[in-house]
Student: 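This is the structure, below, for whatever I ask next.
Fair warning: this is a prediction, and the values are worked out from it, not measured in the lab.
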Amino acid sequence: MIDENKIKSKGPEKVTFVEMVAVSIQRLMNPAATTNDKKKAADGLLTLAKVLDKHPEIVKQLEGK
């Protein structure tokens with residue numbers, strides 16, 4: 001489980017996509033999370049998906065590694 005507070009302390013420039021997705025999934029799966037937290041998590045995942053759709057070269061680079 002990823003500690004969300006450690007990620008927040010890193011700052012937005014140093015947080016990886018993997019960390020962002022992991023936190024979003026944790027929020028969505030957490031039964032104690034508020035509806036607002038779950039909405040933010042889902043919005044974050046959708047934003048990431050939109051970026052990847054617009055820049056398919058990122059996915060190709062990741063597949064090549």
Side-chain angles (χ1 to χ4, degrees):
M1 183 169 274
I2 291 183
D3 184 357
E4 195 170 338
N5 291 325
K6 285 184 182 177
I7 291 173
K8 286 180 183 177
S9 67
K10 281 184 172 184
E13 295 83 25
K14 296 181 182 176
V15 175
T16 66
F17 281 130
V18 172
E19 291 169 329
M20 288 176 13
V21 169
V23 167
S24 293
I25 291 170
Q26 283 176 195
R27 282 184 181 177
L28 290 170
M29 293 177 61
N30 182 354
T34 66
T35 302
N36 190 42
D37 284 344
K38 289 184 179 196
K39 182 182 179 328
K40 286 181 186 178
D43 288 346
L45 291 173
L46 287 173
T47 299
L48 178 59
K50 289 175 187 176
V51 169
L52 293 175
D53 276 348
K54 289 183 180 181
H55 301 283
E57 69 277 4
I58 295 171
V59 176
K60 289 178 185 172
Q61 287 175 350
L62 293 173
E63 290 173 346
K65 288 187 177 182

Student: CG/D53 to CG/L48 distance, rounded to the nearest 0.5 angstrom?
Tutor: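 Here the rounded value is 10.0 Å.
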
Student: Distance from K40 atom NZ to T34 atom OG1, nearest 0.5 Å?
Tutor: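 Interatomic distance, K40 NZ to T34 OG1, rounded to 0.5 Å: 7.5 Å.
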
Student: Can you hop from L46 to V21 via hydrophobic side chains spaced under 4.5 Å?
Tutor: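 No, separate clusters.
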
Student: Is L52 reachable from M20 through a run of hydrophobic residues whose side-chain heavy atoms are each under 4.5 Å from the next?
Tutor: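 Cluster IDs for M20 and L52 match.
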
Student: With R27, which of V23, N30, I25 fulfils side chain to side chain contact (heavy atoms under 4.5 Å, CB included)?
Tutor: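 Result for side chain to side chain contact (heavy atoms under 4.5 Å, CB included) with R27: V23.
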
Student: Which heavy-atom pair separates A42 from L28 by the least distance, and what is that distance?
Tutor: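 Heavy atoms of A42 and L28 come nearest at N-CD2, 4.3 Å.
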
Student: Check whether V18 and M29 end up in the same hydrophobic cluster, where Ile, Leu, Val, Met, Phe, Trp and Tyr are linked by side-chain heavy atoms less than 4.5 Å apart.
Tutor: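 No, no single cluster joins them.
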
